[in-house]
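What follows is a set of notes on a single structure, which appears directly below.
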Amino acid sequence: MDHPRPSPESGSLSVLGAVCLAALILPLSFTGGAVATPAIGRSLGGSPVALTWITNAFMLTFGSLLMAAGALADQYGRKRIFMTGVGLFVAVSLVLSLASSVWVIDLLRAAQGIGAAAALSGGSAALAQEFEGRERTKAFSLLGTTFGVGLAIGPVLSGLLIETMGWRSIFLTSAVIGALALGFAAPRMRETRDPGAVGLDWPGVASFTGMLSLFTVATLQAPESGWTSPLVLCLFAGAAALLVLFVLVETHVARPMLDLGLLRYPRFVGVQFLPVATCYCYVVLLVLLPLRFIGIEGNSEISAGLLMLALSAPMMVVPIAAATLTRWLSAGVIAGLGLLLATAGVLWMGAVAGEPGLASIPAMLLIGLGTGLPWGLMDGLSVSVVPKERAGMAAGIFNTSRVAGEGVALALVSAWLAAFAGTDLQRLAGQALADGAGSLPPEGLREAAQRLATGDLQQAAALVPPSIGSQLAQAYADAFASLTFALAGITLLSALIVFAFLGRWRITGQGIAPASASSAKVGDPAPGGAPE
């Protein structure tokens, strides 16, 4: 049962402020963990796989539990789930600041991701109940902009905290901001529920989370064990089996966690490709570039953070401009054009991969500018996909596409970079053998490639002969350049799909509608998100 709704001035805007404040800590935690990884490795040690899980453990639980958290928010109350999630995030952040080993950090980061999932799903669903039409689009665009601000200040703030107070201060800062969000939201947010909610789809949650977990573990383990090793093949097979099980479950339950029937609507499919594209042209770079600037090029944490501003600073202004442009252009055209700009920026970055970080600044600015255009629109577009009373599911589906996609993208891109680095190291090892410098066992090559992919140039050099060690920085640059072709290809394909599925939809006062009545096709959702 919904509580009486306060006036928009005192109620809705307060809810928006509380949710945006909480949302600020999520990208801070994401980028902070990435920037802190080299410092954590120097302080606590840890294998390449263990250090990789500092980011991936957070993204895995965050992404895999968003839809479940959305369903819980619909049933038990959006405010309750939001407050519980932020509270858990704050508590785990405090414990993280005291962690004494990398594997403990990995486990706590997984718990932190659970809190993040509840906070984002509950907060997004609460916002969808407070605003209508264009005001809802503006509210979610502001939410997206808040994420952009967190991404923009995250690397610089993290670098400054690490150099002045150590890596543990990153988690303490997240706890303080989360506590402020709790204090601001508690007296102002009203409780809302979906009266038609019938419970959580536990088989769907288990199969989906298990599928993502096995796939991520397999992808991260592949560079160490080999892509064709029995362990990796069994993990991939298990992930595929759980995916099939998830589809079967979702097509046979009365109230599925993911309504697969929505895939009949081209607009729904098109919206999901927006976060897929931004994962590969933007989000993965937020993790890879600090490792490169710090570990490969030898910059300090604060210097790396300042370099990252070229990539992240556009997120502070471009999403707002994108929302304004929808008065004249369709949302799909704006988003597609932005992805084309980002594609060009990624290719440019690959072309200057062997040069110092300063040479990458123009390319990073172009990527940030291009990515900011769809970033400012996709949150608003997502909430028009389903009827208002299913806002928890709508927010959960979209945010799962974004965050789970980010987790999968990080695992894949880390593995691809290690594979490209391994190929270059094999070539260098062959040259060294021909020159009489001795051979290097395959296990040593794989570990060196993994160390190189995580930015640990010093440890990678200790694993190879001196003749190879002097060429490791160039090997990384070559591997990074090869990686950018894959990232640009995925971004370009996504842009074409967005043009096709979203190019004719405009944001109106009643929601999202075709640019002209004659352009609507049978089977598309009606304005406001409800199927016709």
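- For residues 149-172, no residue pair satisfies the salt bridge (Lys or Arg N to Asp or Glu O under 4.0 Å) rule, not counting sequence neighbours.
- Within the 4.5 Å cutoff, side-chain heavy atoms of Leu157 are placed close to those of Leu161.
- Pairing each heavy atom of Ala36 with each of Ile162, the nearest pair is CA-CD1, 3.6 Å.
- In this structure, OG1 in Thr146 is found 7.5 Å from CG in Leu16, a value given to the nearest 0.5 Å.
- Nearest heavy-atom pair across Val86 and Ala22 is CG2-CB, 4.1 Å.
- A heavy-atom distance below 4.5 Å is not found between the side chains of Asp424 and Leu452.
- Atoms CG and CG, from Leu51 and Asp456 in turn, are 7.5 Å apart once rounded to the nearest 0.5 Å.
- Remark: the backbone N or O of Ala39 is not paired with any side-chain donor or acceptor of Ser43 at under 3.5 angstrom.
- In terms of the side-chain hydrogen bond (donor to acceptor under 3.5 Å, both in side chains) criterion, Asn56 has no residue partners (sequence neighbours excluded).
- Residues Thr278 and Glu406 are not in side-chain contact: their nearest non-hydrogen atoms beyond the backbone lie 4.5 Å or more apart.
- Scanning for side-chain hydrogen bond (donor to acceptor under 3.5 Å, both in side chains) contacts around Asp478 gives Gln474, with sequence neighbours left out.
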**Request:** Decide side chain to side chain contact (heavy atoms under 4.5 Å, CB included) for Phe62 and Leu26; before the verdict, give the C-alpha distance in whole Å, the side-chain angles of both, and the deciding distance to 0.1 Å.
**Result:** CA-CA 10 Å; Phe62 190 5; Leu26 303 185; 3.8 Å; yes

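- Between Ala99 and Ile105, the shortest heavy-atom distance links the atoms CB-CG1, 3.5 Å.
- Closest approach of Leu172 and Leu94 over heavy atoms only: CD2-CD2, 4.0 Å.
- Atom CG in Leu60 sits 10.0 Å away from atom CD1 in Ile114 (nearest 0.5 Å).
- No donor-acceptor distance shorter than 3.5 angstrom exists from the side chain of Ser121 to the backbone of Ala118, with no hydrogens or angles considered.
- Between the side chain of Ser29 and the main chain of Ile25, no donor-acceptor pair closer than 3.5 Å is present.
- Annotation: the span from Leu373 atom CG to Leu377 atom CG amounts to 7.5 Å, rounded to 0.5 Å.
- Looking only at side-chain heavy atoms (C-beta outward), Ile177 and Thr173 come within less than 4.5 Å of each other.
- Contact annotation: the side chain of Leu487 never approaches that of Cys281 to less than 4.5 Å [non-hydrogen atoms, C-beta and beyond].
- A donor-acceptor contact shorter than 3.5 Å links the side chain of Ser169 to the backbone of Gly166.
- Residue-environment remark: CH2 (Trp202) stays at or below the threshold of 12 foreign heavy atoms within 6.0 Å.
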**Item:** Residue pair Val104, Leu44: steps toward the side chain to side chain contact (heavy atoms under 4.5 Å, CB included) verdict
**Value:** CA-CA 11 Å; Val104 170; Leu44 303 179; over 6 Å; no

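- Residues in residues 295-307 take part in these salt bridge (Lys or Arg N to Asp or Glu O under 4.0 Å) pairs, two or more places apart or across chains: Arg42-Glu301, Arg292-Glu297.
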Taking only distance into account, with no hydrogens and no angle test, what donor-acceptor pairs under 3.5 Å do side-chain atoms of residues 234-250 form with protein atoms, sequence neighbours excluded?
from: Glu250; atom 1: OE1; to: Met257; atom 2: N; distance (Å): 2.8
from: Glu250; atom 1: OE1; to: Leu258; atom 2: N; distance (Å): 2.8

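- Annotation: side chain of Leu212 is not in contact with side chain of Phe215 (no heavy-atom distance under 4.5 Å).
- For the atom pair OG1 (Thr216) and CH2 (Trp53), the distance works out to 5.5 Å, reported to the nearest 0.5 Å.
- For the residue pair Arg109 and Thr61, no side-chain donor N or O sits within less than 3.5 Å of a side-chain acceptor on the partner.
- In this structure, the side chain of Thr454 engages the main chain of Arg451 through a donor-acceptor pair within 3.5 Å.
- Taking the side chain as every heavy atom from C-beta outward, Val318 and Trp375 never approach each other to under 4.5 Å.
- Looking at every heavy atom in both residues, Ile294 comes nearest to Ala304 through CG1-CB, 3.6 Å.
- One distance of note links CE of Met308 with OG of Ser360; it measures 10.5 Å at 0.5 Å rounding.
- Around the CZ atom of Phe273, the shell of radius 6.0 Å holds no more than 12 heavy atoms that belong to other residues, nucleotides or ligands.
- Judged as a side-chain hydrogen bond (donor to acceptor under 3.5 Å, both in side chains), and not counting sequence neighbours, the contacts of Ser303 are Ser300.
- Between Phe171 and Trp167, the two ring planes are perpendicular [angle over 60°; tilted spans 30° to 60°].
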**Request:** Go through the steps for Leu289 and Phe480 under the test side chain to side chain contact (heavy atoms under 4.5 Å, CB included), then give the verdict.
**Result:** CA-CA 10 Å; Leu289 290 180; Phe480 190 89; 3.8 Å; yes

**Message:** Between Thr228 and Val232, is the side chain to side chain contact (heavy atoms under 4.5 Å, CB included) condition met? List the steps.
**Reply:** CA-CA 7 Å; Thr228 58; Val232 172; over 6 Å; no

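- Checked against Leu108 for a side chain to side chain contact (heavy atoms under 4.5 Å, CB included), the options Leu98, Ile54, Val92 give a single hit: Val92.
- Considering only heavy atoms from C-beta on, Val498 stays 4.5 Å or farther from Pro374 through its side chain.
- Val284 and Leu410 make their closest contact through CA-CD2, 4.0 Å (heavy atoms, listed as atom of the first residue, atom of the second, distance).
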